[in-house]
Structure formats: structure tokens, C-alpha cells
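First comes the structure, then the notes that go with it.
Just so you know, ligand 1 is whichever comes first in the structure, and atom 1 is the first atom listed for that ligand. In this text the structure is predicted, and so the values were computed from the model without any measurement.
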Amino acid sequence: MKIIGTGSALPEKVVTNDMLAGFLDTSDSWITTRTGIHTRHLLSKETLGELAITAAQAAIESSGIAPEEIDYLICSNVANSYVSPSLGSILLAPLGCCCPCFDLNGACAGLIYSLDIADSFIKTGRAKNILIVAAEEPSRFCNWHERETSVLFGDGASALMVTEGEGFKDFRLTGDTHTDVLYYKRSLETTPFDRVEEKTMPLVMQGREVFKLAVRACIKDVDTVLEHNRLKGDDIDLYLLHQANLRIIDSIREHLEQPKEKFPTNLQNYGNTSSASIGILIDELSREGKLKDGMTLLLSAFGGGFVTGAALMKWSEIKYKDTANE
Ligand code: ACO
């Protein structure tokens, strides 16, 4: 499997740390030193579906694949206003697609989980062209009276078109149960047999625990993929890691003893956009012409569960209309 098209979309509204300090007991210096985040884009006028469609259309256009040639749509999403129908099915008609689709909740590792499944579908001949859309609105899970979580997240969408090819070399996915450290709970309807009313619980996070789990898990995944493929850290051209916190990325980089230039980041501008983050990074780097033919990339992400995913791939350049990479 290889990536042949990319897209991303962010909400228009840019929220700075100073704007947050206007209603939360926080400061620009606390947020930037603890996380590296300066701004985030938050949904205000647009819907998540609209963002997802914009990102998907860009991926379709850059791939040269017609919507009707898409065999499957996989939508990575943690939560949105609809429990049913799936977000994937909401996207089909506006995109001009009529293929099978499903939503996948792999938390922030959802894009890598989606890539792994797409790779299996392609390898077994179940599908040839697969559109993966990662669309997330974590700002809508947060309690905006709590500074511990709300400052960390941003909304966004990314999309990748994949097809048969020689790009992806290896995947490693893991899962474990650590519910208490990171969860968002929605209330369900009561029934005549179960009248215990559950309350919606905005995102609860034990930040320090998540930090440790994330660093440990990412290092293990990256080391395992390197070892499995008989590679050294030096053999990787770029490490594309989940954009949650600059200090998490720095800890992994220090373990690998690799230079900063190999760890591109955009969390400074967007905060943590959950499973959309690596796709947004790929789209930006590719459109800026920073992903060259034959580059070896290592993707790694972690998220609520605790689940993690890593992927090793060789990049093939994509030609975009009206960009530096044309
Ligand atoms: N502004 C100012 N002060 C704050 C803020 C804030 N926004 N948030 C917490 N504080 C305070 C705390 O109350 C605490 O005060 P105290 O010392 O008086 O008790 C102090 O800052 C230190 O708090 P810590 O939680 O120890 O700070 P830490 O250095 O661990 O940084 C952070 C917190 C940024 C959340 C860090 O733990 C982290 O990044 N964890 C991982 C988070 C993450 O990646 N989550 C998502 C992963 S999964 C996914 O992507 C969905």
C-alpha cells in the first residue's frame, strides 16, 4: 500500500494562549513551556463534517482517483454529535462516493489503526483505493472551566488516499486497559429496566500518567519497529509523531539520540488534534515539498485506551496543483 493523495482542514477560528488566559487561570508561558502549544484552531461556525469533507476533497483531488473509484472509506473519529449514523456515512454523498464505510475509534492512534486495516484490505484484494479521513473535535469533549485539559486540544481533519503500492513496510499496534487515566463519558438514555441516570463526564485526564505512558509506549513501538526491520535510528529520515506535547516528542527524540530536524512538529499552531494530527502533518510536509521520493518515515501515535500504533514507510512524492511541490 502507498499514499497517493493528502488533504487537511482546520477551523477558521484561531485561539491563542492569551485568549484562554482571559477566562482560565493559566498563562501563555505555562502553556508554551509545558506543552509547546501557542495556538489552536477551534470549531465555531463550521461543523466537523464540513472540515472532514474539505480534507477528503483535497486528498481525492491530489490522488487523481475519481470519487466513484474509491472502494472503501474509513473514518477515524473519537466522538462527534452523531452516535449513528457513522461520520463516514455522512461524508459519502457530499464526496460523490457510494462505497462501504465505517468509523474507527482508535483514539489518537486512529489514523495508524486505519492505515493498518486499509493495508490488510488492499493486500487481500478486498479493496484497491481507500480513502482514510481522520476528523476530530476534541474541544467538544473538554470541560472549558478546567485548565488542565482544555488548553491542550484543537480541532481538525486530515485525509489520506491509499492504493496498491510499495510504500508501507511494517505496522505495530498495541492495546491495553488504562481507562482511569484518560476518558470521556457520554450519558445514554435510561430504560424502564435501568433508571440509573449517568452523567456526561467531560474529558478526565491524569496528565502526568498519560505523559509517562505515552513516552514509554512510543519508545517501545519505535524500537520494536526498528529492530524488526533491522534498522537503526539513523536510518529514519523523519519521525512523524502524534502531536500532543513537545516535551513528549523531545523525550522520545532524546532516547533515540536523533536531531531535532528529524522530528517535524506543528502542534505549536494546532494543539493536539487527536487522530487527525499525523495526517495534518503529512499533508503540510508533502505540500511544502519536504517529503522526498524514497524517504523513510516512521509514524507513531498513542491515545486513550491505552492504544498505540506505529508504521514504517517509504514516501513517494505526490504532485499537487498550485503548490511548491508541483
Ligand atoms: N495553566 C496553569 N497551570 C496549570 C495548568 C494550566 N493550563 N494545568 C495544570 N496547571 C498546574 C497544576 O494545577 C499544577 O499546580 P500545582 O503544582 O499547584 O499542583 C501544576 O500546574 C503542575 O501540574 P502538572 O500536571 O504536574 O504539570 P505537568 O508538567 O505534568 O504538565 C501536562 C501537565 C501538560 C498535561 C502534561 O502532564 C502532559 O502533557 N501530559 C500528557 C497529556 C497528553 O498528551 N494528553 C493527550 C494524550 S492522548 C490524546 O492525544 C487524546
Report yes or no: does a heavy atom of [X] sit under 4.0 Å from some atom of ligand 1?
{"X": "Ile31", "result": "no"}
{"X": "Asp25", "result": "yes"}
{"X": "Leu24", "result": "no"}

Does the protein come close to [atom] - that is, does one of its heavy atoms sit below 4.0 Å from that atom?
{"atom": "atom 26 (O) of ligand 1", "answer": "yes"}
{"atom": "atom 4 (C) of ligand 1", "answer": "yes"}
{"atom": "atom 32 (C) of ligand 1", "answer": "no"}
{"atom": "atom 19 (O) of ligand 1", "answer": "no"}
{"atom": "atom 45 (N) of ligand 1", "answer": "yes"}
{"atom": "atom 39 (O) of ligand 1", "answer": "yes"}

Once the angle between the rings of Tyr184 and Phe141 is folded into 0 to 90°, is it parallel (under 30°), tilted (30 to 60°) or perpendicular (over 60°)? parallel

Which class fits the ring pair Tyr239 and Phe263: parallel under 30°, tilted 30 to 60°, perpendicular over 60°? parallel

Short N or O distance, [X] and ligand 1, threshold 3.5 Å exclusive:
{"X": "Gly207", "answer": "yes"}
{"X": "Thr35", "answer": "no"}
{"X": "Ser274", "answer": "no"}

Modelled atom types, side-chain donor and acceptor of His38 and Asn17, under 3.5 Å: no

Using a 4.0 Å heavy-atom threshold (strictly under), name the region of Thr26 that reaches ligand 1: side chain, backbone, both or neither.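 Contact part for Thr26 vs ligand 1: both backbone and side chain.
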
